[in-house]
Amino acid sequence: MIAYAPYLILLLPLLAAVSIRLFLYPFPRISITVSTLACLGSFLGSIGLLLFSSSMGEVTAPALPWIEWAGFRANFGILGDPLARGMAALVSGVAFLVHIYSIGYLEKEPCRSRFFAELSLFVFSMLGIVLADNLISMFIFWELVGLSSYLLIGFWVERPAAGAAANKAFLVNRIGDFGFILGILGAWALFGTLSFADLPSRVAASAPGWAVTAVGLGLSCGCLGKSAQFPLHVWLPDSMEGPTPVSSLLHAATMVVAGVYMLIRVLPILEMSQVTMMTIAWIGGLMTLLPALIACQQNDIKRILAYSTLSEIAYMVMAVGLGVPGPAMYHLTTHAFFKCLLFLAAGSVIHGCHEEQDIWKMGGLGKRMPFTALVTILGTLALCGIPPLSGFWSKDAIFAATAHSPGLAAVSMAAGFFTSFFMLRMILVAFGGTPKNDAARHAHEGSIFMTAPMAILAILTILGGLLPVETYLHFPHTEGHEPWTLWVSLAVALAGFVPAYHFYRHATQDPLSLPALREKFYVDEFYQRVFISTQDAFARLTDAFEGWVVRGFLVRGSGVVARASGQGLRLVQCGQVQVYAAVFILGVFLLIAWLWRQGVIR
Amino acid sequence: MSRWICPEVLLVLTGVILILADALIPAGKKGWLPRLAILLSSVLFGITVWQSGQPMPEAWANLFITDGLSSVFKPFFVLCLVGVTLISVRYPMGREETVRAEFLALPFFSTAGLCLLASARDFLAIFVALELVAISLYLLAAFHRTRVASLEAGMKLLVMGGLSTGFLVMGIAWLYAATGSTEFTRIILEQAGRPASAGLLLAIGLILTGLAFKIAAVPFHAWAPDVYEGAPTPITAFLAIASKAAGFVLLLRIFGFGAFALDSVGWIFRPIFLTMGIATVTLGTLAALPQRNLKRYLAYSGIAHAGYMLLALGTLGESGMGTVVGYLWAYLLATFPVFIFVQELERVHGSADVRHLDGLGQRDPGPALGLTLCFLSMAGLPPLLGFSAKLSVFTTLWSAGEIPGLVVGVIMAVVGLGFYLVPIRAMYWEREPDTVPAQRFPSFLVWILLLAGAAQLVLGFQPRPLVRLVERSLAPTVTGIPQEK
Amino acid sequence: MNFAEITLGHYLALSSVLFLIGLAGVILRRSLLIMMMSLELLLNAANLALVAVGRFQGLPDPQVAVFFVITVAAAEVALGLAILVAIFRIKKTTAADQLASLRF
Amino acid sequence: MEPIFFWVLAVGLVVSAIGLVAFRNPVTSAVCLVVTLVMEAALFVTLEAYFLAVVQVIVYAGAVMVLFLFVIMLLDVKEEARQRPPWAKVVWVVAIGGGAVFGVPRIASLFPAAAKTLHWGQGKGGGSAAELGRLLFSSYSPLFLATGVLLLVATVGVVVLCRKDPES
Amino acid sequence: MNLSLALPLLLVVPLLGVVAIALGSAPRKTALWASWINLIPGFLVSGVVLRQGEVLYGPEVTNLREVFPVQFRLGLDGLSLPLLWLTLVVTVAAIGVARADVKRAKEYFLCLLLVGLGGLGAFLSVDLFYFFSFHEVALIPSFLLIGIWGQGDRTGAAWRMTLYLVLGSLVLLVGLIGLVWAVPETARTLDWRVLTETFRAQPIPATQQTWLAILLLVGFGTLVSLVPFHSWAPGGYASAPAPAAMLHAGVLKKFGIYGLLRLALPLTPLGWKEVSWIVGLMLAGNLLYLGLASLAQRDFRWLLGFSSAMHMGTIFLGLIGGTVLGLGGALVLMVGHGLSAALGFAVAGEVGQRAGTTWMQDLGGLAKKTPKLWFYLMIAGMASIGLPGLANFAGEILIFFGAWSDHPFLVAIAAWGVVLSSVAMLRAIRSIATGPVSSALEAKQTGDLTGIREVWPFALLTALLFLVGLAPNLILGPARPVLERLLQP
């Protein structure tokens with residue numbers, strides 16, 4: 001029985017979600033307590049797992065049966081390797097902090113129960129992804145994460161924009177999952193197993209070929225969707241319609257990096273094909289730059305952070321593509337801390353400014369919300385990779401990996417420049433200067449529930465670089481730093497601050513206007529025009545065909561024809577007995593003619 | 001002597017008794033007459049069932065035979081008679097009330113003719129018996145002489161019947177020319193082992209038209225809708241069921257067991273039957289679609305049913321024969337109750353327009369249910385009796401490899417459901433019941449229709465009794481082998 | 001065509017011609033009376049064939065058949081005329097095309 | 001002699017039959033029918049069916065025709081109005097005529113016995129009342145009975161249909 | 001006690017309900033009692049099946065030389081067991097959803113019970129005659145249900161559906177006749193168990209198998225609304241009153257697939273292989289054509305109708321996969337689809353009741369106004385788009401894995417179909433549930449589902465969706481021997 005104990009990590013949030021949904025719905029306080037405690041339990045469990053198993057080796061729990069039938073196994077087991085354990089601790093830890101933060105952030109929301117139920121569901125699903133020991137199970141939780149993300153983005157049900165964003169998030173993810181499931185099927189067909197434990201040996205046994213490439217690309221589609229990489233990145237900025245804790249937890253710290261986590265899990269397959277690896281690396285490389293550019297012209301504080309998130313995840317993806325999962329995980333961890341911190345800070349700002357998200361309507365917040373300003377600056381520095389904050393160490397590890405591919409190095413470092421630029425822009429506009437309106441003038445810090453998590457995260461942001469992530473995860477240690485990447489990247493990052501300071505020191509409105517960037521390179525419009533409109537046009541065409549041709553013409557038509565021929569046949573029945581007689585005689589003649597034609601009468 | 005107690009004789013005697021009774025019973029007590037008729041017909045039905053394996057008088061043996069087929073169909077015809085009598089007593093005669101006795105008596109004569117037909121084994125006997133039936137029916141169709149429709153129906157039936165009689169007689173004449181005989185066994189003996197002569201085939205063709213007229217097969221069907229509509233409803237029922245069945249019994253006997261069961265003849269006529277079947281099914285079904293008058297509607301429905309039976313018959317195999325027998329019984333059980341209802345509808349509303357069914361489902365759920373089951377059975381929907389009938393038509397066609405017939409049969413069964421659903425729709429959802437004037441139907445109707453519906457269900461769910469009947473009809477001669485003349 | 005030797009075929013042909021004329025009468029004439037007369041013609045044509053066949057085949061049976069046919073024909077005519085009279089009482093006409101209230 | 005009889009009668013029959021169909025006056029038609037029936041009786045004589053010839057004259061030419069004429073007089077049936085346009089009728093006449101021209105000559109070839117020739121007196125009899133009667137009352141007795149019922153029905157029918165309206 | 005007697009009892013109980021209603025007892029209460037009580041024999045026979053693998057009732061096949069070898073015989077095995085339960089549960093839920101104050105309540109509940117009865121009989125019959133007949137029993141009640149209590153173009157929909165289904169049934173009938181007549185006359189039988197054995201020992205010639213398979217495919221395919229024989233389905237469901245749509249989309253439609261599993265696969269294996277490319281084309285049509293068409297729907301009922309018909313494509317994929325995995329998936333998906341479609345139509349019915357319309361542009365704000373209903377809407381929607389944890393996902397994943405090796409492209413299409421159906425369903429949920437409360441919903445002043453009295457049918461279906469989704473082995477376990485036998489050459 002004790003062997004099943006690791007499942008408690010997973011099941012506590014689920015139980016919380018279910019019990020809130022079924023029983024505790026009308027009692028927000030109890031709901032919140034249950035949910036938060038469940039998350040705490042998960043966190044403690046994960047930590048326990050982390051500590052316990054680091055001394056005891058890998059922990060695996062007996063599999064829970066789902067389908068084990070006719071040679072097909074899709075059971076759920078817990079994978080106890082360091083990667084999973086570390087990731088579980090990270091996820092539950094951040095989630096716990098966000099829970100705490102949410103208590104303060106949503107104190108006036110009447111539907112708090114639902115929020116926390118959905119949050120618990122998310123924690124459950126996310127931990128499921130992390131702990132799953134095979135691809136099917138991972139896919140299951142992958143989908144559930146998609147669902148919880150959908151629910152949380154659309155939490156404010158009465159806001160049309162929230163609904164649209166939620167749909168977009170779910171659908172784009174589904175498109176990614178389309179590739180993912182095909183990849184899983186392909187992997188199953190090629191290697192005969194879906195278990196992460198068996199995968200390396202099975203993969204090594206099979207010869208690489210186009211099939212392996214296809215499988216690898218298919219699997220990475222899942223990552224493109226969930227981690228919002230090009231071309232499926234469009235949903236993430238929109239998902240900022242959700243409450244800020246959600247953005248912070250799902251769309252910055254944990255969920256979106258699930259793609260990276262998954263890539264690392266299936267790395268044995270990806271590594272078999274150079275094409276796959278290069279594709280992933282370049283998608284990542286380009287995606288470091290593009291969002292950074294876009295973010296330079298955004299005005300919504302959360303969107304700026306969202307684009308920055310895109311960019312940062314792209315670093316991780318690129319690292320995986322370059323075959324260095326260690327730095328990717330390292331950056332994933334530190335990013336979780338500082339990006340979560342940044343989002344929470346942004347939430348604090350928004351909360352303080354009464355749901356105002358436009359940085360140009362804020363201003364002067366540095367004085368009114370000094371703590372928030374402080375942590376924001378800390379987070380920014382970490383994000384930009386300024387030593388000695390955590391971001392510096394992890395980013396540096398990734399840059400080091402690009403040393404051998406100058407192209408990737410160039411784009412990713414350029415991205416660093418723009419990251420510094422837009423982050424400073426945000427800080428200067430939002431926190432510097434003078435308040436632009438009443439809300440900003442009366443801004444104030446949130447309750448202890450909000451500040452405490454931020455404080456904890458700030459500490460982690462500062463010290464996170466010291467975590468021995470790569471060592472702990474048993475990734476092969478990357479070779480010694482190539483100094484040039486270190487210095488160049490640092491220089492570029494610092495250089496980014498200069499123009500930002502120049503342009504936005506005293507700006508009350510944006511001195512730069514670059515429509516292409518403001519409009520996100522028109523990707524959304526492109527999709528809308530090309531794919532969605534086409535699809536809808538086809539849909540309407542199909543429906544019209546179905547309605548007019550199939551139902552209207554063919555089906556109703558055959559009815560009409562039958563009826564009309566009935567009417568026609570009735571005309572013979574004119575009531576004239578002579579006509580009847582004529583028909584009769586005609587019949588006799590026909591009969592005789594038939595016999596004659598048959599040759600029986602000559 | 002006991003052989004003379006056969007249905008034919010008793011039927012004629014009963015008819016005469018009824019006419020005489022009308023003359024003898026004093027004017028004030030005429031009310032007994034209908035009850036007497038019902039009683040006598042029911043007793044006759046009992047006797048027929050009881051007598052149904054018994055041979056006929058010796059002197060008749062050259063012309064008439066007693067075998068499985070006749071023993072199954074004589075009760076059929078007498079059962080029809082019982083039904084007709086039952087509704088005849090309620091037929092509104094208006095000023096013609098004084099001749100109610102004749103109206104009741106004439107079907108007895110007609111039924112006697114039908115019973116003779118069921119046994120006939122000689123074309124001359126067929127001719128005479130057929131004319132006995134036909135002449136009674138001309139008269140009965142025109143019986144309600146104050147209604148032009150009735151007279152018109154009688155006249156049309158007479159003209160078309162006369163025409164078909166002409167062909168029949170011509171056919172018989174040519175049959176004499178071709179074979180020298182009209183007796184089935186002799187024709188078979190004469191023709192066995194050699195190809196059929198052209199004259200024989202032509203003669204058969206002409207005789208066939210005479211019979212096709214009886215069953216209202218396309219293109220000899222044109223009279224049916226008009227006559228069915230105009231004739232008094234009991235007579236319509238008689239025409240639609242008994243007279244049609246007689247035609248099929250003759251076809252069965254002639255092409256199935258008797259004179260032309262020879263391959264040399266049968267296989268030439270097989271495509272004719274099938275083509276005629278296809279045409280009949282198609283026309284009957286399609287032309288029924290726009291009908292609003294229930295009697296006409298039933299006429300077309302009857303034509304369609306005749307088509308299905310022709311298709312089964314056209315395969316000229318044992319299973320085809322059995323199918324026709326079973327189908328006829330199923331048709332009787334499903335159609336007769338509807339005719340009973342139609343007459344009550346006419347009594348209440350003055351016409352048989354399908355509009356009068358509006359809202360019936362709520363006003364009178366019992367009859368509506370029974371009627372629905374009967375209509376659906378006619379449509380051939382499982383688990384009702386009609387399904388078994390259609391099923392065996394289809395199986396027959398399949399096992400005979402007659403794919404065109406099968407395809408048309410299937411399609412027309414679908415279209416057919418389309419028109420059988422018309423009255424059902426009218427009963428249940430056409431108009432809201434409160435907008436329809438409340439009219440009560442007599443309570444006996446409820447029971448009859450419910451019983452009929454239950455019969456459809458029970459026999460459909462377990463068609464074994466019908467299968468037994470079919471097996472019996474296919475059995476070889478019950479008494480004696482037909483003797484040489 | 002052999003004019004000198006009268007065969008059964010001649011009689012049959014003659015009866016067929018009469019039969020066809022009868023058919024024409026049924027189709028072409030609008031008077032119900034004439035239609036009925038034409039029907040009689042049909043039966044008579046058949047009778048002629050029957051009698052001829054009986055003689056040439058040496059059979060007595062066809063003559064019996066003719067006997068029955070005549071009887072039936074008489075009954076039919078009687079009934080037909082009765083119906084006609086009844087119709088005439090109401091409609092004051094014997095034209096077939098006036099008698100088309102039942103249709104379609 | 002027989003061919004002459006036959007041809008004369010045949011032509012007469014056809015002509016009078018056409019007359020029956022063609023004349024517009026019902027009385028003329030009826031007269032034509034009488035002529036036809038009588039000529040047919042004469043043909044019966046050439047076919048040695050003497051009894052039937054008599055029956056034909058008595059029953060048909062006598063009873064039935066009287067019935068027809070009686071009804072014609074009773075109803076005072078007028079000449080049939082010409083139909084306009086008569087094309088439909090023309091079509092039918094052509095069709096039936098064509099059928100006759102095409103089909104009738106083939107009749108003889110249909111029956112093996114059709115080419116048989118018999119001279120006067122070679123018939124096997126059967127024309128006599130006695131022989132017919134014997135057959136009617138032995139082999140065909142049930143049919144004879146049935147015919148009786150048939151006539152009963154017809155009688156009842158005529159009475160029912162043509163009786164006086166009780167109320168008028 | 002002989003537990004096989006419980007089999008006919010399954011049919012007798014609803015029949016008694018019908019009689020009782022006809023004789024005048026309170027319609028809804030009686031129907032509800034009958035459908036609940038019917039679970040008891042359901043449990044009994046399930047126990048037998050789980051223990052013995054099979055339960056049979058009725059005479060052994062005798063008198064094979066009869067003209068018409070019909071035998072009333074019922075049977076239940078691992079394959080029909082899930083469908084039996086699907087029928088029982090959906091019937092309960094449908095009657096639970098039906099309102100007592102509907103007009104002409106007597107006929108209404110009578111028809112509902114009859115539809116359920118037809119489904120039960122069809123799944124239980126071993127004799128082809130009854131197998132076919134019972135399915136048709138449901139036809140006329142459905143016709144009336146749509147015609148009398150339907151909405152929209154109810155008349156057209158009723159006619160279309162009825163005639164279409166009859167056409168399909170008759171084609172099917174011809175196929176069945178062909179099957180039975182392929183047996184030599186001395187051994188002729190209508191018992192499909194015997195037929196299976198006979199044909200295993202002595203297969204039908206290959207070309208004949210192909211023709212029979214085509215007939216069965218067209219016949220059953222029409223009943224399952226396989227493209228291009230589908231056009232009765234969306235409109236029929238859209239116009240039907242909610243309980244009827246639940247029963248029809250949830251239960252009766254499964255008859256076609258059940259029939260193919262029972263007859264086409266084991267009796268005409270070569271023919272089925274031969275036609276499987278046609279099936280592939282057709283199911284691609286279901287997935288893509290109907291999937292696209294469902295995107296363009298503006299009425300929620302129509303959307304449900306289209307998407308319900310669309311998902312049949314995935315089930316067919318399991319059938320042509322040729323692996324026991326695919327068949328198992330098809331079975332699970334049949335159940336899952338049955339439950340989710342029933343839930344969907346139930347929700348649509350409630351929405352229609354409350355808002356007076358199901359036009360999606362007129363709706364909105366359901367989540368705010370009636371959160372419980374929204375919850376079940378989400379469950380139904382998520383189940384139908386294959387969210388893990390719910391039954392449909394288990395079926396789909398099995399089908400995908402089962403069919404992947406033979407038909408990777410079709411699997412890709414099916415997977416894309418999942419995307420398409422997600423688009424349609426999420427759009428629908430968005431416009432129904434989110435945004436400001438619409439005037440239609442506001443004006444009616446109607447509340448959420450109140451109390452257990454209204455919630456239980458929804459909760460029941462939801463619970464089962466979860467149960468099957470989380471433990472598909474409940475279905476797969478007993479079915480495995482049966483399915484494996486189907487695929488044995």
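Quick caveat, the model's predicted, so the values are computed rather than measured. By convention in this document, chain letters (A, B, ...) are assigned in the order of the sequence lines, proteins followed by strands, and residues within each chain are numbered from 1.
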**Message:** For A:E68 and E:N473, which I'm curious about, is there any donor-acceptor pair between the side chains at under 3.5 Å?
**Reply:** no

Output for pair (E:K369 NZ, A:E158 CD), nearest 0.5 Å, gives 14.0 Å

Bottom line for E:S405: the part with an atom under 4.5 Å from chain A's heavy atoms is neither

Looking only at heavy atoms, the pair that brings E:P436 and A:P160 closest together is CD-CG, 4.0 Å

Counting heavy-atom pairs under 4.5 Å with chain E, the top scorer among A:L64, A:I184, A:L144, A:D536 is A:D536

### Query
Using 30° and 60° as the class limits, which term best fits the ring planes of A:W188 and E:F401: parallel, tilted or perpendicular?
perpendicular

Assert top hit (heavy-atom pairs under 4.5 Å, partner chain E, pool A:I67, A:V550, A:I175) equals A:I67

One should read off an interatomic distance between E:L426 CG and A:Y150 OH, to the nearest 0.5 angstrom, of 5.0 Å

Looking only at A:A74, A:G186, A:A166, A:A162, the option with the highest number of non-hydrogen pairs under 4.5 Å against chain E is A:G186

When the 4.5 angstrom heavy-atom criterion is applied to E:L476 and chain A, the contacting part is both

Practice task
Assess whether atom CZ of A:R73 is packed by more than 12 heavy atoms of other residues, nucleotides or ligands within 6.0 Å.
Solution key: no

ask   = Distance-only, no hydrogens or angles: does the A:R174 side chain make a donor-acceptor pair with backbone N or O of E:I385 under 3.5 Å?
value = yes

Cut-off 4.5 Å, heavy atoms of chain E, and the answer for A:F141 is neither

Check whether A:W66 reaches the backbone of E:P472 with its side chain - one donor and one acceptor, N or O, closer than 3.5 Å. no

The interface call for A:L541 against chain E, heavy-atom contacts under 4.5 Å, is neither

By residue number, those in residues 284-292 of chain E with heavy atoms under 4.5 Å from heavy atoms of chain A are E:Y289, E:L292

When the 4.5 angstrom heavy-atom criterion is applied to E:W232 and chain A, the contacting part is neither

Closest heavy-atom pair, A:V555 versus E:S231, reported as atoms and distance to 0.1 Å, is CG2-OG, 3.2 Å

Under 4.5 Å to a heavy atom of chain A? For E:I429 that would be side chain

Cut-off 4.5 Å, heavy atoms of chain E, and the answer for A:A164 is both

Okay, A:I532 and chain E: the region with an atom under 4.5 Å from a heavy atom over there is side chain

(message) Using the rule given for side-chain contact (heavy atoms from CB on, under 4.5 Å), can you reason through E:I397 versus A:I181, listing the C-alpha separation, both sets of side-chain angles and the distance that settles it, and then say yes or no?
(response) CA-CA 9 Å; E:I397 207 83; A:I181 187 75; 3.4 Å; yes

Interface check, chain A: of E:L420, E:L398, E:L366, most non-hydrogen pairs under 4.5 Å belong to E:L398

On a heavy-atom basis, the closest approach of A:F72 and E:L325 is CB-CD1, 3.4 Å

Going by an N to O cut-off under 4.0 Å, is there a salt bridge joining A:R551 and E:D153? no

One option among A:L185, A:L171, A:T542 has the most heavy-atom pairs under 4.5 Å with chain E, and it is A:L185

Heaviest contributor of heavy-atom pairs below 4.5 Å to chain A, chosen from E:A471, E:A433, E:P228, E:S422, is E:S422

If one checks every heavy atom of E:R160 against chain A at 4.5 Å, the contacting part turns out to be side chain

Honestly, the part of E:A394 sitting under 4.5 Å from a heavy atom of chain A is both

The interface call for A:I136 against chain E, heavy-atom contacts under 4.5 Å, is side chain

Heavy-atom nearest pair, E:L387 first then A:E143, reads CD1-O, 4.0 Å

When the 4.5 angstrom heavy-atom criterion is applied to E:W302 and chain A, the contacting part is side chain

Q: Please tell me if the side chains of A:L182 and E:W404 come closer than 4.5 Å, counting only heavy atoms from C-beta onward.
A: yes

Ranked by heavy-atom pairs below 4.5 Å to chain A, first place among E:H230, E:K368, E:R480 goes to E:R480

Output for pair (A:D543 CG, E:Q297 CD), nearest 0.5 Å, gives 4.0 Å

Greatest number of non-hydrogen atom pairs under 4.5 angstrom with chain A, of E:F375, E:W159, E:Y164, falls to E:F375

Turns out that what part of A:L22 lies under 4.5 Å from chain E's heavy atoms comes down to neither

_Verdict with supporting geometry, E:L295 and A:F538, side-chain contact (heavy atoms from CB on, under 4.5 Å)_ = CA-CA 9 Å; E:L295 279 184; A:F538 266 111; over 6 Å; no

E:A412 and A:F178 have their tightest heavy-atom pair at O-CE1, 3.1 Å

Closest non-hydrogen atoms of E:P388 and A:I140, given as atom of the first, atom of the second and distance, are CB-CG2, 3.3 Å

